[in-house]
Structures are given as C-alpha cells and as structure tokens.
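Everything on this sheet refers to the single structure shown next.
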Amino acid sequence: MNRLLIKNGRIVDPANKIDGLFDVYCVDGKIVEIIPPNPPLEKGGASGDFKVIDATGLFVFPGFIDMHTHLREPGYEYKETIKTGTMAAAAGGFTSIACMANTNPVNDNSSVTDYILKKAKEEGIVNVFPVGAISKGLRGETLAEIGELKDAGCVAISDDGRPVLNSNLMRLAMEYSKLFNLPIISHCEDLSLALDGVMNEGFIATKLGLKGIPNAVEDIIVARDIALSELTGAKLHIAHISTKGAIELVRNAKQRGLNVTAEAAPHHFTLTDEAVTGYNTNAKMNPPLRSPEDVKALKNGLKDGAIDAIATDHAPQNIDEKDVEFDKAANGIIGLETAFSLSLRLVDEEVVSLNALVEKLSANPAKILGLHTKGSLKAGNDADITIVDLNKEWVVDASKLKSKSKNTPFGGWKMKGKVIKTIVGGRVVYEG
Amino acid sequence: MKIKRKDILGIEDLAKDEIELILSTAESFKEVSEREIKKVPTLRGRTIINLFYEASTRTRTSFEIAAKRMSADAVNISVSSSSVVKGETLRDTAKNLEAMNPDCIVIRHFSSGAPHILSKLVKCPVINAGDGTHEHPSQALLDMLTVKEKFGRIEGLKVAIIGDILHSRVARSNIYGFTKLGAEVRVAGLPTMMPYGIENMGCRVFYNMEDAIKDADVIMMLRIQLERQNAGLFPTVREYSRLFGLDAKKLERAKKDVVILHPGPVNRGIEISSDVADGKYSLILDQVKNGVAVRMALFYLLLGGSRE
C-alpha cells in the first residue's frame, strides 16, 4: 500500500472550491480525503503507516497540466526525449502534459501513439497524453484516422506547428471529431499572409530589418475557425493565442455560447518583441512575441476568462538550430520549468487571483482535454499534486534545467515561486 | 586617433561625434587616392578579410582597394548562397577565420544581424558591409561625406530618400546618419514598400514623390529590386517608374541646386533615367570615390594606425 499524507499545507483547489489549511490523504495513487489539520495524527494512530510530507508554509495545488508540449520523441531525440521532457515537466510542477503530434514519424496513427505511451510508461515520470494529428502527415490534405487515435489514447487532435489551411478540411475535421468528442486544437496562422516573416511586424522589426508577421496572420484563422466551430458545433481550442484581435474574437465567441476555449503561453504575456533586439534567437517563436498592446490584451483575457488555460508550448531546439542567423533559426523556446514562476507574476501584478491562476494551470486544461480524474484534489481523483513555495526566489540557470535543450530567453532571470515537490499518482517525482 | 568601439555594425549605434570623426578622417585620406603612388604604410602587416555572402562589385572592390591603399593584406572570400546551404555555419566560418588571426573582418550577408553574430565570435573588429535589410553603415557614411563636401554642412539640409524603403539597408543607415547630423530626412515610396513605424526613426513619410523632392537639397534614389514585382509589391516596372522613377520632368519640381545620389548599381530607366543619372546634379561617381576614403578611415580608426 502506497500511503501519503501532505500535512498542514495551504490547499488551493478551485474546482473543488477549497482554499485553506488542510491535510491531504492519498492511498494507492488516489486522493482519499481532505480534512482540516489534525494534530494528534503525528502520534501513531491511523497516520502511522502514511509517509508524511510536511507542507507547513507551503501551497498545495492540483498537479499542473500543460496542454501544449513538444516532447520531440520519436524522431528528434537530440532535442528532447520523453524522459527528459517529463523530467522538465516535473521540475516545473506539471504532473500531466499533452504532447503535440509533430514528431517524426508524425503521431497520425495508433502505432506512434502506442510508442509514445509505452515510452512514457517506461521512462516518463509524469503523465503523458498524446495529441493526435488532424491530417495525415500534418500535410493538411486528408484526415488522419482520428477514431483509431482516440482509441489508442489521444486526448485531442491538432496539426500544431502548422495550420490546417484548407477550410473544408478543417470543417470536416470538426464534424468528424464530434463523433469522438475530441477537442480540436488549432494552430492559427495564415501562411499566405505570414510568408517568410520571422518576428512580430512592428517598429522593432523595422529597426532590425527583419521580416514582420502581422497580427492579422493569427486573427484571420481564429475568425475562420470560430465560424467553422459555429457551423459544426465542434469543440475548438485555440493554441498559443497571441494577438489582441484573436482574444477579442474568442471572447465574443464565448459570449455567443460557442464551444471555444483558448490557451496563452507565459512568454507571450511576459515578453514583447523588444526581446528580439540584438537578434536574440531565443526570442524567436511562432506565433512571435507581440507588442505591448497585445501583452496587455493577453492579461485582460486571462483576467476576464477569455483565455482559459496557461500552456507552455515547450519547444526544445538544439543549440545548432538556434545559434545561427536570426532568419535561419528554429522557432520555439523551452517553457516547462519557468512557466509557473512567470505565471505567478500575474498574481503579484493583480491580473489574476491565485485561485484563478491555479485553475488555468490545472482544472481548466483537465476540463478541455476531458481528463476527468485530474485537475482537482477531490476524493477519488488521481493523487497528482504540486507543492510550491510562493516566496522562494531563484535564478534561472539555463545550463541546469532538466530539459535536454536550453533554448530559453529567461536565463539569468530572477524568479519568485518555486516548485518544492511534484507528486504523480501519489509518488514524489521531483523535489526542488 | 582611434574610435572607442570594437566594431562598426550600424549607424544606429554611432554617436554624432563618432560620425563626424569618421567623416573628417575620411576627408584626410582622400588625398592618398590622388597620388601617383596610392599607398600609405599605416596598416602594413595587417590582415583584412572581406567575407561576402552576397554578390557585390562596388562595395567589395571599394573595401579591397581601401585596405590595399593602407598597405594591409586584403583577402576576399566570396561565399555563394548555394554553398551556404550545404556548407558550414557562420559560426564555424567565424571560428576558422579567427584561428587565422585576422585584424579586421568586413562582412556582407543576406541575413540581418549576421555581423552581430560574427562580432561576438571574433576578437578583431567587424565592419558591416550590408546585412539583409538592416544596415549598410559604410554606404551611409560615404553618402554623408559626399553631401558634406558639396554643401559644406549637413545640418539643416533636406534629404529625400526615394524607393523601396522596406527592403533598404541603405535607407535605414542614412535615416539614422543624416538625422543625427541635423538634416531633415524624408522617405517616399509605395505604401507596399514602407516599413511599419519608420517615422519613429525621425523621418517624415511621403507617398507622393513630387511632394517629397520639392525643396529637397538631396535626392537619394534607391535601387529597386526587380524581383519585388514578382512578390506583387508593384504591378509593373512601368507603373513603378511612372510613380517613383526620377526623370527630368519630375526634377523640374526640385531645387535648382539639388544633388542626386544613388548607391548603385543603377537600373537605368527604372528608378532613375539615364539623363538624370549622368546629368549635372548627379554625384553618383563622387559617392564611389568617397567610398574608398570612408573605408580607409574605418580601417584606420578601428585598427589604430599607430601600432607600427
């Protein structure tokens, strides 16, 4: 019997409407009880065979869920593996991650899904939920076998990394996905407008002489996909939302009662395109870092609920793919290990409450992905728990991060809020 | 005299007094090129590498002649873009060149920011000879020298830069340079070739060429890349030329003592008509002549001529 007791922590569990000092009892990987602290427990009695974690002065949250990660395995093991990616996730307080389909081979059939899940079981230290491809080979031409992907364990479908440019194919994917109740995660980018842009279109791009990507690149496809969601009734989730216009479109869609959700990445609400100055390739990602006005809109969207979830878009890239001319550099940054501390700044800035932040990192992604036994600490749920010291300060040392790749723009940043323990299925998988 | 910086990566980084120092140093070097023996021993034993990733005749030759007239050993490396695709990275090239202990590297590259990467990897000075659509500082310096020689000053002049501002590193460097020296800079071109927020660099934006050149002291015509038509930025060369080409008729609107610059190579009959390019207002060949002097000055100031 695996028995775990987390004592005296401040539990914040928005989905369960709990915020206070409680003890959490876990047995065999499940949460069995949350009760007010019981001092006599320390002396024998029922607590005798529980392994005790003293969380005095610490916060205890439902394990964080990152619904947007690139684990790079199979195919790009030199960037990240399921082993190193899940280690990075654990270090960042994530107990579950959804991994995107743009591996090699693409996760567009059950054998790849099986491989990912098998590797995750053998080598992974947090829960891994594969996202299947919408189209075969991510080519945007014909649908992948979505039913088979669902049966194999995929929790959503997405061609992430690429948009589905053909509107009819997107419509068909939405209609078809309803059969399996899978959300469609849309990477919204009008490639015919983005052309060979490499950063946000704005004065910084003008100064640096870099080709810009206007906001309309995202807005156009978000508008299209909302229209298609309205047409089909499918569950649409907008990945890595970055523009003011797109947020307004999602807000409006929600007001109209459509089944549309959205996620934002910490780098998009923390940095602006100014970070590219000096041709910093660790500030190159897609969608690009946007203007201060967009950052403000992201914060407003997080505040009023237009944006449901915080997701990292953790995108490991090898140094050789980043240490090159800016226009040749690969897109993306790693995000799992800095996401929580960066997000906590939103609480300090009074953009969101701590409860709302935890919700966007746990309950909401669980709900969107249909992970019914996760995202909350209620009895019967999986014992996936993140214990955090909100006041502990630390400095990001890229070389010490668990991820196999070190492509972060946050190296040297002073952070507040540190993950102390990450617990998956009642077992401690990370201690900070 | 030595300039207190390692590299010349862009005019944006230069202070007004640094620009003035470069221009006055260049003026003093002009005389070398007039001699029968066009050589001074200043940089004897120094090695200058011209690393060109983009085709260039004028700029590469100008840097090479400048190096040779300073008695430096100039080595030219032309890397065609096809060999870059399968060849080594800029980082590896930089490290290999560094191992040969050069005293200065001049780089032209099709990627904006490439000289910045290089400068972090090598100990010697790096001169940006044009990077992508970012900057072309030596071009702007020779343009400023040419204008200064003609008018005796730059402050208070009106400079109109006409053409494809979006893709022009020459425009960016000149906007910074002329603005820093107190000129009023105007840019004019098609809205499809005007970069976002360019007015934040301190210039005025015009979409009508006649308005831009009216009462201008200097008209700088930019080369139009003909492949921009394929990208749809303008419908035809003919229409472009009608709207933004400089010919004798449009020139009637300009001041009587206006001067005309062009960084070359010239598309005759497209952005500038032959009679104007070869006419009395044109300083195009003065620019080329001054280019050598400016590059000699840059070598001198960066490499510190006194180390004999």
Side-chain angles (χ1 to χ4, degrees), chain A residues 190-217 243-245 272-284 288-294 317-331 406-407 409 411, chain B residues 9-13 53-54 81 84-85 88-95 107 109-121 128 130-137 164-173 175-176 187 193-203 205 230-233:
Chain A
D190 184 344
L191 293 177
S192 69
L193 182 60
L195 297 173
D196 47 357
V198 293
M199 71 171 291
N200 182 50
E201 182 169 303
F203 183 54
I204 307 285
T206 294
K207 279 212 292 188
L208 293 172
L210 294 172
K211 179 101 172 57
I213 302 169
N215 283 15
V217 160
T243 67
K244 188 184 171 186
T272 65
D273 55 356
E274 182 90 47
V276 177
T277 302
Y279 301 95
N280 178 11
T281 57
N282 280 334
K284 181 178 178 184
L289 297 174
R290 295 287 187 186
S291 71
E293 205 184 336
D294 294 303
Q317 302 289 9
N318 183 271
I319 180 82
D320 293 336
E321 293 158 324
K322 280 292 193 181
D323 201 1
V324 294
E325 297 87 325
F326 192 89
D327 48 9
K328 276 210 249 163
N331 280 311
K406 311 298 174 193
N407 50 312
Chain B
L9 300 180
I11 303 290
E12 187 189 4
D13 317 323
Y53 284 85
E54 239 181 21
S81 45
V84 175
V85 175
E88 67 184 356
T89 62
L90 177 58
R91 185 186 173 79
D92 284 338
T93 303
K95 286 169 145 177
I107 179 172
H109 201 286
F110 44 80
S111 290
S112 300
H116 303 67
I117 297 177
L118 181 66
S119 79
K120 286 182 194 134
L121 296 169
N128 179 3
D131 63 324
T133 55
H134 175 232
E135 281 225 44
H136 191 352
D164 180 0
I165 311 295
L166 178 62
H167 298 97
S168 179
R169 53 194 177 209
V170 174
R172 283 170 180 73
S173 288
I175 292 168
Y176 286 126
V187 295
M193 301 197 295
M194 196 59 77
Y196 183 101
I198 190 79
E199 64 280 3
N200 295 326
M201 285 187 187
C203 56
V205 178
N230 301 334
L233 298 182

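We name chains A, B, ... by the order of the sequence lines, and we start the count at 1 in each one. The shown structure was predicted, so the numbers you read here are calculated from the model rather than taken from an experiment. Only heavy atoms go into these numbers, but all of them, side chains included; no hydrogens, no water, no symmetry mates.
- Remark: A/N200 CG to A/D294 CG distance equals 6.5 Å, nearest 0.5 Å.
- Looking at B/E135, there are no atoms closer than 4.5 Å to chain A (heavy atoms on both sides), in backbone or side chain.
- Of the listed residues (A/D323, A/L210, A/L195, A/V198), the one with the most heavy-atom contacts under 4.5 Å to chain B is A/D323.
- Across every non-hydrogen atom of A/G278 and A/L208, the tightest pair is N-CD2, 4.3 Å.
- The candidate with the highest count of non-hydrogen atom pairs below 4.5 Å against chain A, out of B/S111, B/S112, B/G197, B/S168, is B/S112.
- Neither the backbone nor the side chain of A/K211 has a heavy atom closer than 4.5 Å to any heavy atom of chain B.
- For the options B/H167, B/R91, B/E199, B/R169, heavy-atom pairs under 4.5 Å to chain A are most numerous at B/R91.
- Relative orientation of the B/Y53 and B/F110 rings is perpendicular, given thresholds of 30° and 60° on the angle between their planes.
- Using cut-offs of 30° and 60° for the angle between ring planes, the A/Y279 and B/H116 rings count as tilted.
- No donor-acceptor pair closer than 3.5 Å links the side chain of A/K322 to the backbone N or O of A/Q317.
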